[in-house]
Amino acid sequence: MDEINQIFDRVFKRIFTFSDKAITNLINGLFDTDYPPDSQIEYSNRENTKADLKHTYSDLFIVINKKWHYHLEAQMYHDKTIVMRVFEYGFYHALETREDNCTFRFPEPVVIYFCNVADVPETSSIRVILPDQREFTYTVKNYVYLAHDIEELNRKKMIVFIPFQMVRVRDFLMPAGKARFLTENEIKELKKFIDSDILGSIKANLQIGNIKLEDYNQLLELLNILYQQIILQYQKKGGDKEMKPLLPGALELPNDKYRFRIDELEAENATLADKNAILTNEKEALANEKTVLEDRNAALESEMELLRRKLQKIENRSEGQ
């Protein structure tokens, strides 16, 4: 796997640090389900140990509302053998999450192809033959990302996949892996695509509540990472050295800086809240102590009044004698 594909792979895994709402929307879009936006998302172990003690690594196992299991595998190239590995990963997942020793429930799988691939069927299948010669067919759904436009991503609320539109940018700049020079009109079209289609979609999804603010910030960050890597690769392959300044600067916002500052302010706010709680407790303690002292003072005043009356009686008796 080359460097840029490794970046895409890491970006894919990073997506699943987004909010439960964003991931629920993604699952609904991929599998045509209808889970409510407040569903609970959990991630199962992605590392499995085989009988020979070797490790296998799958991509994502997602559990929704502690019941429904899904398996997502990402590919940058067409791999006709992936269905075998998906079956293997699914088996180990079913083994780890079984409810009893007699039932194995496989997760529902999908293989997502982010590259520009041809001749990928809607599903891939394998035959599983049991010892008694009975057989069943294990089927995996294939999702070819570039076959679905941005309008569909928006309609199905799958906006967390929007960073992979950078695959289109990469293929446009480097068809067949070779850098090409762009005309002024092509640069304008590329800028419009990034500004209007990609960034515009992210902003729109934030405004209508499909993603949270932290999702929005992470999407911009992931776009920036992919953009920088693609331009770097483009220049290494002999592309226009002046290309970078011609593309929109919106992708180069220092999102980390703002997010870190927000974290700092939240930490400061938490510290102030703790100090305020301490001061409030101290104030309550002082108020209680004041009340106790006032009660004691009132009791002493009552005792003093009784003593004064007794003393007055004694003095009156002395004068009468």
Side-chain angles (χ1 to χ4, degrees), residues 1 5 8-9 11-13 15-16 22-35 39 41-46 48 50 56-65 67-98 103-165 167-168 171:
M1 185 184 296
N5 285 337
F8 278 116
D9 185 63
V11 167
F12 174 74
K13 291 178 172 63
I15 283 172
F16 297 92
I23 301 305
T24 300
N25 285 336
L26 176 64
I27 294 297
N28 284 336
L30 281 172
F31 295 95
D32 296 321
T33 50
D34 191 27
Y35 297 111
S39 296
I41 300 292
E42 296 175 291
Y43 298 96
S44 182
N45 182 20
R46 286 174 280 170
N48 304 302
K50 299 168 64 175
T56 60
Y57 297 89
S58 55
D59 274 331
L60 264 299
F61 285 109
I62 295 174
V63 183
I64 297 185
N65 295 330
K67 183 177 181 180
W68 309 106
H69 295 238
Y70 295 90
H71 177 194
L72 280 61
E73 284 282 339
Q75 288 288 114
M76 289 304 294
Y77 296 104
H78 188 194
D79 182 354
K80 294 182 179 180
T81 66
I82 186 65
V83 63
M84 295 292 293
R85 297 201 301 277
V86 171
F87 176 81
E88 180 185 11
Y89 299 151
F91 169 77
Y92 283 110
H93 177 78
L95 186 64
E96 289 180 357
T97 60
R98 66 188 185 279
T103 305
F104 292 84
R105 188 182 302 276
F106 275 65
E108 187 167 351
V110 62
V111 176
I112 304 159
Y113 291 94
F114 287 112
C115 51
N116 189 9
V117 293
D119 301 325
V120 175
E122 291 186 3
T123 61
S124 298
S125 301
I126 58 173
R127 294 168 58 206
V128 180
I129 303 175
L130 301 178
D132 61 2
Q133 299 307 305
R134 286 185 299 173
E135 63 179 69
F136 66 89
T137 302
Y138 177 81
T139 301
V140 176
K141 177 182 179 179
N142 295 320
Y143 181 87
V144 181
Y145 176 81
L146 294 181
H148 305 268
D149 56 26
I150 291 180
E151 287 74 16
E152 182 179 336
L153 293 181
N154 286 324
R155 186 174 67 255
K156 291 191 172 184
K157 302 180 182 180
M158 298 169 61
I159 194 62
V160 295
F161 269 1
I162 198 72
F164 290 94
Q165 290 296 314
V167 175
R168 298 187 192 274
D171 293 346

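Within 6.0 Å of CD on E135 lie more than 12 heavy atoms contributed by other residues, nucleotides or ligands.
Between T139 and S125, the closest heavy-atom pair is OG1-OG, 3.0 Å. Considering all non-hydrogen atoms of both residues, I162 and L153 come closest at CD1-CD1, 4.2 Å. Heavy atoms only, all atoms of each residue included: T33 and I27 are closest at OG1-O, 3.5 Å. Taking both residues in full, the closest heavy atoms of S124 and V83 are given as O-CG2, 3.9 Å, listed atom of the first, atom of the second, then distance. The shortest non-hydrogen separation linking P109 to V86 is CB-CG1, 3.6 Å. Across all their heavy atoms, Y43 and F16 have their closest contact at OH-O, 3.1 Å.
Interatomic distance, R98 CZ to T103 OG1, rounded to the nearest 0.5 Å: 10.5 Å. The distance from the OH atom of Y35 to the CG atom of N25 is 13.5 Å, given to the nearest 0.5 Å. Atoms OH and CE, on Y143 and M158 in that order, are 3.5 Å from each other to the nearest 0.5 Å. Rounding to the nearest 0.5 Å gives a distance of 6.0 Å between CD1 of I41 and CD1 of I62. Here the straight-line distance linking atom CD1 of I82 with atom NZ of K80 works out to 14.5 Å at 0.5 Å rounding. Distance check: R127 CZ to T137 OG1 gives 7.5 Å after rounding to the nearest 0.5 Å.
Looking at residues two or more places apart in sequence or on another chain, you find a ring pair (Phe, Tyr, Trp, His ring centres under 6.0 Å) between F31 and Y70. Legend: residues meeting side chain to side chain contact (heavy atoms under 4.5 Å, CB included) with N154, ordered by chain and number and at least two apart, are I150, I159, S201, N205. Residues forming a side chain to side chain contact (heavy atoms under 4.5 Å, CB included) with V120 (at least two apart in sequence, or on another chain): H78, Y113, V117, N142, V144. Taking the side chain to side chain contact (heavy atoms under 4.5 Å, CB included) definition, one finds that E152 meets it with H148, D149, R155, K156, sequence neighbours left out. In this structure, the ring pair (Phe, Tyr, Trp, His ring centres under 6.0 Å) partners of F106, at least two apart in sequence or on a different chain, are F87, Y138. Taking D132 as the reference, L130, R134 meet the side chain to side chain contact (heavy atoms under 4.5 Å, CB included) condition, with sequence neighbours excluded.
Contact check for T123 versus V140: no side-chain heavy atoms found under the 4.5 Å cut-off. Looking at I126 and M84, their side chains come closer than 4.5 Å, going by heavy atoms from C-beta outward. V167 has its side chain out of reach of Y145: every pair of non-hydrogen atoms, C-beta onward, lies at least 4.5 Å apart.
Side chains of H71 and H93: no donor on one and acceptor on the other come within 3.5 Å.
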Would L72 and L30 count as a side chain to side chain contact (heavy atoms under 4.5 Å, CB included) if you check the C-alpha gap in whole Å, the side-chain angles of each, and the deciding distance to 0.1 Å?
-> CA-CA 10 Å; L72 280 61; L30 281 172; 3.9 Å; yes
Before giving the answer on side chain to side chain contact (heavy atoms under 4.5 Å, CB included), spell out for D171 and L146 the whole-Å C-alpha distance, their side-chain angles and the decisive distance to 0.1 Å.
-> CA-CA 11 Å; D171 293 346; L146 294 181; 4.2 Å; yes
List the steps, then state whether side chain to side chain contact (heavy atoms under 4.5 Å, CB included) holds for K157 with N28.
-> CA-CA 8 Å; K157 302 180 182 180; N28 284 336; over 6 Å; no
How far apart are the C-alpha atoms of R105 and T97, what are their side-chain angles, what is the distance that settles it, and do they pass the side chain to side chain contact (heavy atoms under 4.5 Å, CB included) test?
-> CA-CA 8 Å; R105 188 182 302 276; T97 60; over 6 Å; no
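Panel note: side chain K141, backbone E108; no donor-acceptor pair is recorded below 3.5 Å. For the pair Y89 (side chain) and E73 (backbone), a donor-acceptor distance under 3.5 Å is absent.
For an aromatic pair to be called close, the ring centres must be under 6.0 Å apart, and F114 with F12 satisfies this.
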